[in-house]
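Just the heavy atoms: all of them, side chains too, but no hydrogens, waters or symmetry mates, feed the values below. Because the structure is predicted, anything quoted here is derived from the model rather than measured.
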Amino acid sequence: MVKAAVLNGVGEDLQVHDDIEQAPPSAGEVKIKVVASGVCHSDLSVQNGTIPLPTPMVLGHEGAGIVEEVGEGVTSVAPGDHVVLSFVPACGDCYYCNRGQGFLCEKSAMAAAGGMLDGSTRLTLDGQPLRQMAHCGTFGNYAIVPEISVVKIDQDVDLRYAALIGCGVLTGVGAALNTANIRPGDTVAVIGCGGVGLNVIQGARIAGAEKIIAVDMFESKLKMAEQFGATDLVKADDGDPVAAVAALSGGRGADVAFEVIGLGPTIEQAINMTRNGGEAILVGVPRMDVMLNLNAAFTFLYLAKTVKGCWYGSSNVHEDVPKLIQLYKDGQLMLEELVSREIGVDGINEAFTAMGQGEVARSLINHTH
Ligand code: APR
Ligand code: ZN
Ligand code: ZN
């Protein structure tokens, strides 16, 4: 039996069930004992309908654990291996994977439906099929996932911190190191300093940015931003953040600006605070109906700005997870500091509330509690 937090319908609290049945892994699948899962804003976005996914579904897409059992034909991992779960499967062999864009792998088509690669599910509750968010469903203590959704890691890394790599770190640090072209000495602005934005900030620091301007509504988040490498702090509701970034950059604007919330107005701010010829990187996931209000001639032609979409930090997980682990071991990447609270899965609804109130970088569900 699996114990997991389940979303039954948009806008409802998650319900924790401990009597979920789980079929064994099929060919090409792996059963994971999930040790820990971060609580990401995208989980809340599924709960509140910003990201529309079918229900009932076990949420959670930022996790790590131990391989318990493997299905037929699985060769890349064996029972006992420690793994980070990737919320985008990366087959290594499709059009996108072959072009270094594993984050767009063609095998990820089923992720939105919440089934396995063939669309079926391995979980049932009261006889009804139960889906898993992005093939992960890490709010459950066991998950069956495609082999191409796991990345083996060294056993000496604490799985609680490795879990955070699965979304926030890959997305945020990847946005800075893969998507953007940050040059040493650059001025970077980051709007939104949550679990993902703090990782953009530390990615910018690792990339050699000299000035890192953090923008957030909450003082508490700006304090965390400073800890992760921000050099200048802008309280979003103390006037216009675009003007504040201009004032901090000799009137030019940021060489690279990141939006890490997913709101129309802050996406426009990020583009407007980018200097002429600079880059705006869109990381936050907006509602499906958000449209932008931009002047086409100025933004793209006369001011020659580049706007880049960033999905999963433009990551190739099979290469980037080991690189991030190495950065962590070298003392450059902060992971422990991202965990504000460690909770049991029963605390999930309170964790969503705490996220909305700016109290936490990340809440971390420890399934061994
Ligand atoms: N201006 C500035 N900051 C804001 C604003 C605003 N108008 N609105 C919200 N924020 C800040 C919050 O205070 C918070 O610190 O944005 C931050 C968002 O952080 P989290 O809620 O922790 O979200 P996170 O998990 O970091 O995800 C950010 O990335 O992966 C996507 O779906 C995810 O769109 C979401 C984004
Ligand atoms: Zn692929
Ligand atoms: Zn996430």
Side-chain angles (χ1 to χ4, degrees), residues 38-46 50-51 61-62 86-88 101-104 108 134 164-182 186-207 209 212-218 221-222 224-225 228-230 234 236 241-242 245 253-274 278-288 290 292 294 305-317 320 324 333 338 355 358 361-362:
V39 179
C40 173
H41 205 107
S42 295
D43 299 304
L44 179 57
S45 291
V46 176
T50 299
I51 299 177
H61 62 282
E62 181 181 273
S86 169
F87 76 74
V88 175
Q101 293 182 307
F103 57 96
L104 294 172
S108 61
L164 303 167
I165 293 177
C167 175
V169 180
L170 274 163
T171 301
V173 177
L177 297 185
N178 300 332
T179 318
N181 265 312
I182 298 176
D186 269 358
T187 294
V188 167
V190 180
I191 312 180
C193 305
V196 183
L198 293 171
N199 279 298
V200 176
I201 290 169
Q202 63 173 337
R205 169 175 49 73
I206 292 166
I212 303 176
I213 306 166
V215 183
D216 202 283
M217 304 280 275
F218 288 105
K221 290 303 179 71
L222 293 174
M224 294 178 199
F228 280 77
V234 172
V242 176
V245 169
D255 296 302
V256 184
F258 296 86
E259 199 277 354
V260 206
I261 308 163
L263 299 173
T266 45
I267 292 173
E268 289 166 12
Q269 282 171 12
I271 296 169
N272 291 329
M273 68 175 59
T274 300
E279 287 184 335
I281 313 288
L282 311 188
V283 184
V285 183
R287 290 188 68 88
M288 304 295 269
V290 169
L292 299 179
L294 294 171
K305 298 186 184 188
T306 301
V307 179
K308 285 185 180 170
C310 171
W311 182 234
Y312 211 1
S314 311
S315 299
N316 288 302
V317 289
D320 286 340
L324 290 166
L333 185 75
L338 287 167
M355 181 187 294
R362 274 288 191 254

* To do: Test Ile261 against every option in Val196, Val215, Thr266 by the side chain to side chain contact (heavy atoms under 4.5 Å, CB included) rule and name the one that passes.
  => Thr266

* To do: Ignoring hydrogens and angles, tell me if any N or O in the side chain of Lys305 forms a donor-acceptor pair with the backbone of Ala280 under 3.5 Å.
  => no

* Asked: Taking side chain as C-beta onward, heavy atoms only, is Tyr312 less than 4.5 Å from Val317?
  -> yes

* Distance, nearest 0.5 Å, that separates CG of Leu198 from CD of Gln202 -> 8.0 Å

* **Derivation of the side chain to side chain contact (heavy atoms under 4.5 Å, CB included) call for Lys308 and Asn181** => CA-CA 11 Å; Lys308 285 185 180 170; Asn181 265 312; 3.9 Å; yes

* Structure fact -> d(Ile267 CD1, Ile281 CD1) to nearest 0.5 Å is 13.0 Å

* Leu177 CG to Asp320 CG distance, which is reported to the nearest 0.5 Å -> 8.5 Å

* Asked: Are Phe228 and Leu338 close enough, and set up right, to give a side chain to side chain contact (heavy atoms under 4.5 Å, CB included), and what steps lead you there?
  -> CA-CA 9 Å; Phe228 280 77; Leu338 287 167; 3.6 Å; yes

* Structure fact -> Minimal heavy-atom distance between Val256 and Ala180, with the atoms involved, is CG1-CB, 4.0 Å

* Any donor and acceptor pair, going by atom type alone, linking the side chain of Asn178 with main-chain N or O of Gly313 inside 3.5 Å? -> yes

* Asked: Ignoring hydrogens and geometry, is there a side-chain-to-backbone donor-acceptor pair from Asp216 to Lys221 under 3.5 Å?
  -> no

* Structure fact -> Closest heavy-atom pair, Ala176 versus Ala204, reported as atoms and distance to 0.1 Å, is CB-N, 3.6 Å

* Find the distance between CZ (Phe258) and CG (Asn199) and round it off to the nearest 0.5 Å. => 12.0 Å

* To do: Spell out, as yes or no, whether a donor-acceptor pair under 3.5 Å connects the side chain of Asp255 to the backbone of Val188.
  => no

* Return the minimal non-hydrogen interatomic distance between Thr50 and Val285, and the atom names on each side. => CG2-O, 4.0 Å

* **Cys40 and Arg362: CA distance, side-chain angles, deciding distance, side chain to side chain contact (heavy atoms under 4.5 Å, CB included) verdict** => CA-CA 7 Å; Cys40 173; Arg362 274 288 191 254; 3.4 Å; yes

* Asked: Under the 3.5 angstrom rule, does the side chain of Glu259 hit a backbone N or O of Gly262 as a donor-acceptor pair?
  -> yes

* Any chance you could measure Gln101, atom CD, to Ser315, atom OG, to the nearest 0.5 Å? => 12.0 Å

* To do: Kindly compute the distance separating CE (Met217) from CD1 (Ile191), expressed to the nearest 0.5 Å.
  => 12.0 Å

* **pair Asp43-Met355: side-chain heavy atoms closer than 4.5 Å** => no

* Determine whether Ile213 and Thr187 make a side-chain contact, defined as any pair of heavy atoms from C-beta on separated by less than 4.5 Å. => yes

* Non-hydrogen atoms of Phe103 and Trp311 that approach each other most closely -> O-CD1, 3.3 Å

* Structure fact -> Closest non-hydrogen contact found for Val88 with Ser108 is CG1-CB, 3.9 Å

* To do: Using the side chain to side chain contact (heavy atoms under 4.5 Å, CB included) rule, take Leu324 and Leu333 through it: C-alpha gap first, then chi angles, then the decisive distance, then the call.
  => CA-CA 7 Å; Leu324 290 166; Leu333 185 75; 4.2 Å; yes

* To do: Write down the atom of Ala257, the atom of Thr274, and the distance for their closest heavy-atom approach.
  => CB-OG1, 3.5 Å

